[in-house]
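Heads up: the structure comes next, in structure tokens.
Chain identifiers are assigned alphabetically (A, B, ...) following the order of the sequence lines, protein sequences preceding nucleic acid strands; residue numbering begins at 1 within each chain. The model shown is predicted, which means the values in this text are computed figures rather than measured ones.
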There are 2 protein chains.
Amino acid sequence: MHSLEHIAGELRKRKQKLTPQRRLIIEILSSDRSHPTADDVYSRVVAVMPEVSRTTVYNTLRELVAMGEIREVQGLSESGVRYDTYGAEHQHFFCVQCGVLEDIPCSSSSACCGQEGMEGFTVLRTETTMYGYCPQCGEANARER
Amino acid sequence: MHSLEHIAGELRKRKQKLTPQRRLIIEILSSDRSHPTADDVYSRVVAVMPEVSRTTVYNTLRELVAMGEIREVQGLSESGVRYDTYGAEHQHFFCVQCGVLEDIPCSSSSACCGQEGMEGFTVLRTETTMYGYCPQCGEANARER
DNA sequence: ATAACTGCAAATGATTTGCACAAGG
DNA sequence: CCTTGTGCAAATCATTTGCAGTTAT
């Protein structure tokens, strides 16, 4: 996602306000690459501004998605949607053991972006998620045996 | 997914029963490549056996997922998880206009399965979904302009 | 000033669960 | 028989919504 200043400008263009709540949520998100759930964000927000409501967190997340600043990642957590704050095009690696979700830059993997054989279809974007064991869990499993 | 006979055998192994409800749900699913939601399946079931409950449909879908006969596809429908009945390894194409979800055999596209640059990770499987316009919607859009 | 925002409480909606009765093997 | 399955109603839980009071611009 972009810097707070950039997002502040975007909000202004849209006649939306930069409230203290929104500023805090944006600040928290921009230093969070862990793909938090709405409730994870809420917890971090409340630790600083205890009176903020879940509604405001949900509202702000929804707006940031609409602005294209963050993306939803579905189907990886029992406890709701996770949010992706990484700007560049990338894929995901999800560890089925510890639940960590890693951003994999396209250049790091060949699983990206090809679309031969798709005649007739207009492909706007491709999302790829790889499932398996992250290095830490893989090593831990090897040690156990 | 496998044939009714095969699944019946698997159920037997697991000491599970082949009830009329399950038989009907399996029959409906095996001829459905539309990636229906639980409620879509329920509607089709009720049209034949009006007394079947949603609970039974949900239970059976969950069991079939556990058996590896069908797969959940998340994040494509506002109205819940969709179910994938296609056995072979494949990718998905989702039409952002009409909501159709097409199975794309791996051999039809190069967006599949590569995993160079993933040293340290153990990749068990890769899921790729392409988003865009299906041929029908693409043509309809072209005609409008 | 005033349109946008916040926070509360209630609503929503997909899915799950508890439980008494039914039925497949 | 007796274990597993069914169907109902109630519970769950993430997310949304209605609304009255608040605030950024």
Q: Using a strict cut-off of less than 4.0 Å between a Lys/Arg side-chain nitrogen and an Asp/Glu carboxylate oxygen, indicate whether B/D32 and B/R44 qualify as a salt bridge.
A: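 Answer for the salt bridge query: yes.
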Q: Could you tell me whether A/E63 and A/R14 have a side-chain N and a carboxylate O separated by less than 4.0 Å?
A: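 Salt bridge between A/E63 and A/R14, a charged N being under 4.0 Å from a carboxylate O: no.
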Q) By a strict heavy-atom criterion of less than 4.0 Å, which residues belonging to residues 47-65 of chain A are in contact with DNA chain D? A)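 Going residue by residue through residues 47-65 of chain A, the ones with a heavy atom under 4.0 Å of DNA chain D turn out to be A/T55, A/Y58, A/R62.
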(Q) Can you pull out the residues from residues 22-34 of chain A that lie within a 4.0 Å heavy-atom distance of DNA chain D? (A)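 Heavy-atom cutoff 4.0 Å gives no residues at all.
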Q | side chain to side chain donor-acceptor pair (under 3.5 Å) partners of B/D39, counting only residues at least two apart | A |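 If we apply the side chain to side chain donor-acceptor pair (under 3.5 Å) test to B/D39, skipping adjacent residues, the hits are B/R54.
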Q.
Checking B/E27 now: which residues fulfil side chain to side chain donor-acceptor pair (under 3.5 Å) with it, not counting sequence neighbours?
A.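 By the side chain to side chain donor-acceptor pair (under 3.5 Å) rule, B/E27 matches no residue at all.
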Could you give the [atom1]-to-[atom2] distance, from [X] to [N], as a whole number of Å?
X: B/Q74; N: D/dA14; atom1: CD; atom2: C1'; answer: 13 Å
X: A/D40; N: D/dA14; atom1: CG; atom2: C1'; answer: 13 Å
X: A/D39; N: D/dA14; atom1: CG; atom2: P; answer: 7 Å

Q: Starting from the first five and the last five pairs of the helix from C/dA1-D/dT25 to C/dG25-D/dC1, work out the angle between the resulting helix axes, to 10 degrees.
A: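 Axis angle across the helix from C/dA1-D/dT25 to C/dG25-D/dC1, nearest 10°: 40°.
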Q) A/Y83: what forms a ring pair (Phe, Tyr, Trp, His ring centres under 6.0 Å) with it, not counting sequence neighbours? A)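 A/Y83 satisfies ring pair (Phe, Tyr, Trp, His ring centres under 6.0 Å) with no other residue.
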Q | Selection residues 25-55 of chain A - residue pairs positive for ring pair (Phe, Tyr, Trp, His ring centres under 6.0 Å), sequence neighbours left out | A |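 Residue pairs passing ring pair (Phe, Tyr, Trp, His ring centres under 6.0 Å), neighbours aside: A/H35-A/H92.
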**Q.** Contact letters for nucleotides 19-25 of chain D, in which S counts primed atoms plus P, OP1 and OP2 and B counts the base, heavy atoms under 4.0 Å
**A.** ----BBS
Q. Nearest 0.5 Å, what's the OG1-CG distance between A/T19 and A/L24?
A.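 Rounded to the nearest 0.5 Å, the OG1-CG separation comes out at 9.5 Å.
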Q.
Students often mix this up, so state it plainly: with edges at 30° and 60°, are the rings of A/Y86 and A/H90 parallel, tilted or perpendicular?
A.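 Ring orientation, 0 to 90° scale: perpendicular.
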Q. Which residues satisfy the salt bridge (charged side-chain N to carboxylate O under 4.0 Å, His left out) test with A/R71, sequence neighbours excluded?
A.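 So A/R71 forms a salt bridge (charged side-chain N to carboxylate O under 4.0 Å, His left out) with A/D84, A/E127.
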Q | Residues forming a salt bridge (charged side-chain N to carboxylate O under 4.0 Å, His left out) with A/R23, sequence neighbours excluded | A |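 A/R23: no salt bridge (charged side-chain N to carboxylate O under 4.0 Å, His left out) contacts found.
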Q) Are a donor atom and an acceptor atom from the side chains of B/T37 and B/S77 found within less than 3.5 Å of each other? A)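 Side-chain D/A pair, B/T37 to B/S77: absent.
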Q. Which pairs with one or both residues in residues 130-141 of chain B pass side-chain hydrogen bond (donor to acceptor under 3.5 Å, both in side chains), sequence neighbours excluded?
A.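 Sorted result for residues 130-141 of chain B: B/Q97-B/N141.
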(Q) Please identify the 5'-most and 3'-most nucleotides of DNA chain C with any atom under 4.0 angstrom from a heavy atom of chain A. (A)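 With heavy atoms of chain A under 4.0 Å away, the range is C/dA3 to C/dA9.
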